[in-house]
Each structure stands twice: as structure tokens, then as C-alpha cells.
Number of protein chains: 2
Amino acid sequence: MSQRGSNNRDKIVQAADQLFYVNGYNQTSFSDIAEETGIPRGNFYYYFKTKDDILTAVLDYRSHLIEEMLKACEQHSAEPREQLIYLVEVLIREEDNIINYGCPIGTMSTELSKSSVPLQQQVAALFELLRVWIEKKLSLIGFSHRAQALSMEILSRLQGTTVLANVYHDVEFLKRSAKQHKQWLTELLCNN
Amino acid sequence: MSQRGSNNRDKIVQAADQLFYVNGYNQTSFSDIAEETGIPRGNFYYYFKTKDDILTAVLDYRSHLIEEMLKACEQHSAEPREQLIYLVEVLIREEDNIINYGCPIGTMSTELSKSSVPLQQQVAALFELLRVWIEKKLSLIGFSHRAQALSMEILSRLQGTTVLANVYHDVEFLKRSAKQHKQWLTELLCNN
DNA sequence: GTCTATACCCAGATAGAC
DNA sequence: GTCTATCTGGGTATAGAC
């Protein structure tokens, strides 16, 4: 699906994904996507019935990207502790994007939280992908009954960091926070 | 300005403030504000040249509300430690709004971070109001050189909580997080 | 100061030729 | 499957009567 990107449908989804991230869903028009892809507006309706359908396809695409990232964490190390640390380091790997556009999941969720309920649930599902993965890793380490609450706390800390780093466009804060989260997590995980 | 709300300009600003919070700036039209206030669309241009001008007025209004809230913290106690704790408790006082619409400053910032630079700076100034106040209180307590970094960390934790509480519409998480932040802050402040 | 009528544009969406 | 031409609605913004 994402690797080739040869056909028009994939081109539309990937261009929309990027434009929604940079400019927001509501601020992205069919014309913008048409210009980016070179595909004329009218053609979109052959692949998608409505703009919301494009959004749904984009959210599917993002959930695919999240799964790829989680796989990458698992390929980076066989040790759950290391995998979790590596996940947190995404703050650094995606430094530039976060500073300029925020967290792709968080900003989209915040935008759509002011929309219809079905859309809200679809984005919440993206967070849930991440959260469940984190919870699973924590369970493996031995945090059985605290795993769920801790998974929320980890997500919460990362979100706070991305929001403020984006608002202030502050790279130093982002780096400092990432380091701090890693330290906190390391101590937490080793004391178990 | 806010107390009376007798004249049309104030009515427009206050209705816009609420609508921008609930539905987002880009998703709020002049018609929406007209319907809410009972003032016809065309009349708006007597008070504001453009929609962005209304936004600017709303941001001014919010900065006024923030200052009111900070004053309330100072009236609640003469002790900076207590004032900071009371500030964190806003998560509980504004529970319903946060669950449904997120943090009024954070969600607006995130939305406008995908807009023009001048607008971004205006919202960032709202965060700065809060941050500077927190920094000042921390300095009074004695965190001289750490005060700035800590003020960012406090804001960051609160933001993370509001984003996730909103995305998941999870009151229990919000309450649990608020309690946790208070504990963390209490220990931090007392060890100084 | 207040309100109505309306201009103008661009959004999402459709019809139908090729 | 691809593309052009076009419709319709709602958005911001204006002109001008009262």
C-alpha cells in the first residue's frame, strides 16, 4: 500500500496525509490535494465519495504507519524495556516535524475532537494502538495491575511535550524533555 | 469589559469565544455567531474588519480570563505553594469542559499552529502568561535557576493530561492525573 | 449604530465526454 | 479510469438604507 504509491488512490492518500498534518484537515481543500498530486479535483470522486472518506483513508494509513513504527521498536531490540525507551526517542527522531507541526496523532485528535463523534472515535483508535502496545510491554516487564494506568501516563507525558514544543517552537525544550522522560522511564522500569 | 457584556461588541466576543472553544475557530462561521447573539452578520463589520480581528479580540478576552484566574489563585492563599496547587486544581474545577472540549488555550494553540505566524505568536502569548506566573511563584519559593525549566514542565504535564482526557473522554483519568500532579508538586515544593 | 440585501469567491460535489 | 465543465451552498465581506 504505502511502499509503491504507484496508483492514484495511494498518491491522494499520502498527499492528503501530509497536508492534513501540516495545515489541518479543515484547512486542506481538494484543490490543495489536486495541486500536490497533479490529479484533477473531479477525479477524486472516483476513489472517494466525500472528503470525510479521504480522512478515513488517511486515518487508516496513519494506523499503518504507527504499526510500522511499533514494529521498528521491536526490531531495534528484543528487550521490552529497550523497546519502550526507543519509542520515547521518537521525540528526537521526529524533532523537526514535532517543532513545526506537533504530534501527527495529537494534533489531529485535538482538531477532530471538535467534530462529529464517529470521527473522534476513529482518531482515538490511533492513540489506542499506541497505548495497547505500551501496556503490553509493561505487562511483560511485570507491571501487571499498573500497566494500564502507566500506559496512559506515558502517552500523557509525551503529548504534553509535543504540544509545548510546537507552541513555543522550542527545540531545546523538546530535547530536554525527551531526555527527562527517558530517565524517568529507565528508573521506573529498572526498579521493577 | 467582561462583567457587563451589555454592548454588542462584547456580546460578539463572548459568543465567539465560546463557539471557538467548542467548535474550533475554522469551524465557526459568522452565521453561527449571529445566531448565538441575535446580531445580524452584516453588523459585525461595524466592530471588526475581518474574522481574524474577531479572533484577536477573543484572544485578548482569554488573556483577561487567564489573569482573572491567576488573581483567584492569589486570593485563595497568600502562600505561593498553595497558589500553585490551586492552579493545578483547575483540572478538576473545569472537569466537564476539559473532557468535552479540551484545554481552551491548548486546543486553540494547536489549531492555530497550522496557521499564519502572527496568529501563532498571539496564542503562544497566552501560554506565556501562565508560564511566567508559575515561574515567578517558583522563584519566590526558591527555585531560582530551575524555575524556568520547571514552569515548562508543569505546563507540559497539565497539557498532556487535558489532551488525553479529551481524546478518551475519560473523567477518571483526568481526576487520577490531577491528583498525581498535585502529589508530585507538593513533594517537589516541600523539598525546597 | 443598526440592519438588509447582496456581491463574490471558493468549498465540496456532480454529470458526462473521452 | 481519467479529465473538463459545471452546479450548488455557504463562507467572508461590502454597500447602502434607515
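In what follows, every heavy atom counts, from backbone to side chain, and hydrogens, waters and symmetry copies are set aside.
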Engineer: Over how many whole Å does the gap from A:L55 atom CG to C:dA11 atom P extend?
Structural biologist: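 In whole Å, C:dA11 P and A:L55 CG are 18 Å from each other.
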Engineer: Ignoring backbone atoms, establish whether A:N8 has a side-chain N or O less than 4.0 Å from OP1 or OP2 of D:dG1.
Structural biologist: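 A:N8 to D:dG1 OP1/OP2: no side-chain N or O under 4.0 Å.
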Engineer: Rounded to whole Å, please give me the gap between OH in B:Y47 and C1' in C:dC3.
Structural biologist: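 One finds 11 Å between C1' of C:dC3 and OH of B:Y47, rounded.
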Engineer: Nearest whole angstrom, please: distance from the C1' of C:dC10 to the CD of A:Q27.
Structural biologist: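 In whole Å, C:dC10 C1' lies 13 Å from A:Q27 CD.
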Engineer: Is the CD atom of A:E35 crowded by more than 12 outside heavy atoms at less than 6.0 Å?
Structural biologist: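 No - once you tally the heavy atoms of other residues, nucleotides and ligands closer than 6.0 Å, there are 12 at most.
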Engineer: Heavy-atom count check: over 12 atoms from other residues, nucleotides or ligands less than 6.0 Å from A:R81 CZ?
Structural biologist: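 It does: A:R81 CZ has more than 12 such atoms within range.
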Engineer: Check nucleotides 10-14 of chain D for protein N or O atoms closer than 3.5 Å to its own N or O atoms and list the pairs.
Structural biologist:
residue: D:dT12; atom: OP1; partner: B:K51; partner atom: NZ; Å: 3.3
residue: D:dT12; atom: OP2; partner: B:F30; partner atom: N; Å: 2.8
residue: D:dA13; atom: OP2; partner: B:K51; partner atom: N; Å: 2.9
residue: D:dA13; atom: N7; partner: B:Y45; partner atom: OH; Å: 3.4

Engineer: Under 6.0 Å between the ring centres of B:F48 and B:F30?
Structural biologist: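 When the ring centroids of B:F48 and B:F30 are compared, they turn out to be at least 6.0 Å apart.
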Engineer: Look at the rings of A:Y25 and A:F20 and say which category their plane angle falls in: under 30° parallel, 30 to 60° tilted, over 60° perpendicular.
Structural biologist: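 Aromatic pair A:Y25/A:F20 classed perpendicular.
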Engineer: Which whole-number value in Å describes the distance from A:I12 CD1 to D:dT2 C1'?
Structural biologist: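 Distance check: A:I12 CD1 to D:dT2 C1' gives 11 Å.
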Engineer: Could you give the CG-to-P distance, from A:L19 to C:dG12, as a whole number of Å?
Structural biologist: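 Nearest whole value for this atom pair: 12 Å.
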Engineer: What is the distance, to the nearest angstrom, from the CZ atom on B:F44 to the P atom on C:dT4?
Structural biologist: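 Nearest whole value for this atom pair: 12 Å.
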Engineer: Could you tell me the separation between the OH atom of A:Y46 and the C1' atom of C:dA17, rounded to a whole number of Å?
Structural biologist: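 Rounded to the whole Å, the gap is 16 Å.
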Engineer: Spell out, yes or no, whether B:L188 and B:L84 are grouped together once hydrophobic residues are joined by side-chain heavy atoms under 4.5 Å, including indirect joins.
Structural biologist: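 Both belong to a single hydrophobic cluster.
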Engineer: Using whole Å, report how far CZ of B:F48 lies from P of C:dT2.
Structural biologist: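 The distance from CZ of B:F48 to P of C:dT2 comes to 13 Å, rounded to the nearest Å.
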Engineer: Indicate yes or no: does B:K71 engage B:E67 in a salt bridge with an N to O separation below 4.0 Å.
Structural biologist: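 No, this pair does not count.
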